Amino acid sequence: MKEYKYKINGNTYKVAIGDIDNNIAQVEVNGIPYKVELEAGKKPVTIVNAPRPSAAPRTQTGAKVISSPAATSTGGFAVKAPLPGTVLSIPVKVGDVVKAADTVVILEAMKMENAIHAGRDGKVAAVNVNAGDAVLEGAALITLE
């Protein structure tokens with residue numbers, strides 16, 4: 001039996017609820033037993049299943065659009081994704097000269113936009129991702145010379 005204490009209009013009631021069988025509950029209020037008829041449910045109880053994670057985005061050919069961490073080409077400095085997310089925009093293009101504090105990629109992660117900075121001065125040698133790509137932590141986004 002589950003026991004509860006209620007205070008109604010300044011009076012304290014000790015309520016114990018026992019078995020419920022065919023919409024009849026065995027209830028005891030301050031030691032006095034009662035049979036309480038519960039209203040019959042109109043609708044069946046709906047069991048909610050946990051939502052399934054959404055699938056990774058795919059290209060028109062059906063290939064997954066996830067860039068995995070890859071080794072950078074020789075002689076270049078890779079600007080890497082600090083956390084997994086989706087590339088929203090790339091405000092630079094190949095050939096642009098950037099400073100260390102310049103934003104080179106806008107990455108959406110955990111429903112927040114993150115500005116990814118170059119990290120050092122240089123010239124953009126390669127853009128390794130496209131807007132809309134899902135990337136993993138450590139994936140090379142931009143390569144600088």
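Not measured: the values here are computed from a predicted model. Scope of the values below: all heavy atoms of this structure, side chains included, with no hydrogens, waters or symmetry mates.
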Acceptor/donor pairs from residues 86-106 side chains to any protein atom, 3.5 angstrom cut, sequence neighbours excluded:
{"unit_1": "Asp96", "atom_1": "OD2", "unit_2": "Lys93", "atom_2": "N", "d": "2.9"}
{"unit_1": "Asp102", "atom_1": "OD2", "unit_2": "Lys99", "atom_2": "N", "d": "2.8"}

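- In the hydrophobic clustering of ILVMFWY residues, with side-chain heavy atoms under 4.5 Å counting as a link, Ile17 and Ile8 come out together.
- A side-chain contact (heavy atoms from CB on, under 4.5 Å) with Ile142 is found for one member of Val127, Asn128, Val129 and no other, namely Val127.
- More than 12 heavy atoms of other shown residues, nucleotides or ligands fall within 6.0 angstrom of atom CD in Glu108.
- One distance of note links NZ of Lys80 with CG of Leu141; it measures 10.5 Å at 0.5 Å rounding.
- In Asn22, the CG atom is not crowded: 12 or fewer heavy atoms of neighbouring residues, nucleotides or ligands sit closer than 6.0 Å.
- Residue Asp19 qualifies as open at atom CG: its count of foreign heavy atoms under 6.0 Å is 12 or below.
- No path of Ile, Leu, Val, Met, Phe, Trp and Tyr side chains, each step under 4.5 Å between heavy atoms, connects Leu136 with Met112, placing them in separate hydrophobic clusters.
- When all heavy atoms of Leu83 and Met110 are compared, the closest pair comes out as CD1-CE, 3.8 Å.
- A 4.5 Å side-chain heavy-atom check between Phe77 and Arg120 finds at least one atom pair inside the cut-off.
- Heavy-atom minimum distance, Ala140 versus Ala78: CB-CB, 4.0 Å.
- Note that NZ of Lys7 and OG1 of Thr12 are 5.0 Å apart. Values are rounded to the nearest 0.5 Å.
- Interatomic distance, Glu145 CD to Thr143 OG1, rounded to the nearest 0.5 Å: 9.5 Å.
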Please report the C-alpha distance between Val27 and Val15 in whole Å, then the side-chain angles of each, then the deciding distance to 0.1 Å, and finally whether the side chain to side chain contact (heavy atoms under 4.5 Å, CB included) criterion is met. CA-CA 7 Å; Val27 179; Val15 179; 3.9 Å; yes
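- No donor-acceptor pair closer than 3.5 Å links the side chain of Asn23 to the backbone N or O of Asp21.
- In the hydrophobic clustering of ILVMFWY residues, with side-chain heavy atoms under 4.5 Å counting as a link, Leu38 and Ile24 come out apart.
- Between Leu107 and Ala81, the shortest heavy-atom distance links the atoms CD2-CB, 4.4 Å.
- Side-chain contact between Val29 and Tyr34: present, with at least one pair of heavy atoms (C-beta onward) separated by less than 4.5 Å.
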